[in-house]
Peer 1: 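Handing you this structure, nothing more for now.
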Amino acid sequence: YNTTKDYEICVKFRRNKAILPEAGGSSVFTCDGSADAKQYNNPFSKPFELWEWLIKKVSLPGQLILDPFGGEFSFARAAINTGRNPVSVEIDEVHYNKGLVDVQNLYKTLYRGEVKFV
């Protein structure tokens, strides 16, 4: 049991008088992540609905956002699907390679195969 994964921390860096995209509201979120859990080998991956909720609270479409603990890139996939530009860092080579394949497949689907990875 890993109690450190009972919560997710988001940090918003801002300049000048920038504000959060969605102010206020509850800090409690519930969803059914059973479908997402089947996609990932990482026991700490988050469901798309959770990532979408967090991403919309702390960023705007088109922004660059960082996930310093990328896992299998569930965050990166959600960021792409919400119009953000993710940067993910992952030290575990197995998780990284799986995440990279998933992100490439997502881009191929979004752009109907008209995408080049360099």
Side-chain angles (χ1 to χ4, degrees):
Y1 186 73
N2 186 348
T3 59
T4 60
K5 287 298 189 175
D6 289 348
Y7 59 90
E8 196 66 39
I9 297 173
C10 290
V11 178
K12 170 73 174 174
F13 297 98
R14 61 186 181 144
R15 286 188 236 167
N16 304 328
K17 297 182 184 212
I19 60 171
L20 292 174
E22 292 184 14
S26 173
S27 63
V28 177
F29 180 86
T30 60
C31 71
D32 177 5
S34 58
D36 296 89
K38 293 176 184 173
Q39 291 182 347
Y40 303 107
N41 294 319
N42 181 348
F44 303 118
S45 65
K46 311 295 183 295
F48 170 76
E49 290 84 3
L50 174 60
W51 281 131
E52 179 183 38
W53 182 75
L54 286 169
I55 288 167
K56 288 182 176 180
K57 291 235 179 246
V58 299
S59 67
L60 299 170
Q63 281 188 321
L64 183 71
I65 48 180
L66 171 69
D67 180 12
F69 306 99
E72 293 180 0
F73 297 174
S74 59
F75 166 83
R77 293 177 61 213
I80 293 164
N81 280 312
T82 56
R84 277 64 171 182
N85 297 305
V87 173
S88 293
V89 177
E90 177 53 51
I91 195 168
D92 184 304
E93 189 174 349
V94 173
H95 288 328
Y96 174 83
N97 289 334
K98 166 85 168 59
L100 188 59
V101 168
D102 288 348
V103 167
Q104 287 176 339
N105 288 335
L106 174 60
Y107 275 118
K108 287 176 186 175
T109 300
L110 291 174
Y111 294 102
R112 298 183 181 144
E114 298 294 322
V115 62
K116 180 180 178 183
F117 301 97
V118 293

Peer 1: If you look at every heavy atom in A76 and P86, which pair is closest and at what distance?
Peer 2: O-CG, 3.7 Å

Peer 1: Nearest 0.5 angstrom please: L54 CG to F75 CZ, how far?
Peer 2: 9.0 Å

Peer 1: For D102, check side-chain hydrogen bond (donor to acceptor under 3.5 Å, both in side chains) against everything at least two apart and list the hits.
Peer 2: K98

Peer 1: Once you round to the nearest 0.5 Å, how far does CH2 of W51 lie from CG of D67?
Peer 2: 5.0 Å

Peer 1: Starting from Y96, can I reach F117 by hopping between I/L/V/M/F/W/Y residues whose side chains sit under 4.5 Å apart?
Peer 2: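 Yes, same cluster.
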
Peer 1: Applying the 4.5 Å side-chain criterion to the ILVMFWY set and letting contacts propagate, would L106 and F48 be lumped into a single cluster?
Peer 2: no

Peer 1: Measure the spacing between CD of Q104 and NZ of K108 and express it to the nearest 0.5 Å.
Peer 2: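 Reported to 0.5 Å precision, the distance equals 6.0 Å.
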
Peer 1: To the nearest 0.5 Å, how far apart are CG in L66 and OG in S59?
Peer 2: 12.0 Å

Peer 1: List the residues meeting salt bridge (charged side-chain N to carboxylate O under 4.0 Å, His left out) with D92, not counting sequence neighbours, and say none if there are none.
Peer 2: none

Peer 1: Please check if the number of heavy atoms outside L64 that lie under 6.0 Å from its CG is greater than 12.
Peer 2: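 Result for CG/L64: enclosed.
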
Peer 1: Give the cluster check for F73 versus Y111: same hydrophobic cluster or not, with ILVMFWY residues linked at side-chain heavy-atom distances below 4.5 Å.
Peer 2: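 F73 and Y111: one cluster.
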
Peer 1: Using side-chain heavy atoms (C-beta onward) and a distance below 4.5 Å, is R77 in contact with E72?
Peer 2: no

Peer 1: Check whether any side-chain heavy atom of V115 sits under 4.5 Å from a side-chain heavy atom of L110, and report yes or no.
Peer 2: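 Not in contact.
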
Peer 1: Between OG1 of T109 and CD1 of I80, what distance do you get to the nearest 0.5 Å?
Peer 2: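 Nearest 0.5 Å value for the OG1-CD1 distance: 11.0 Å.
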
Peer 1: Using 0.5 Å steps for rounding, measure from the CD atom of E90 to the CG atom of N97.
Peer 2: 10.5 Å

Peer 1: Mark yes or no for whether Q63, through its side chain, and L60, through its backbone, hold a donor-acceptor pair below 3.5 Å.
Peer 2: yes

Peer 1: Donor-acceptor check, side chain of T82 to backbone of A79, threshold 3.5 angstrom: yes or no?
Peer 2: yes

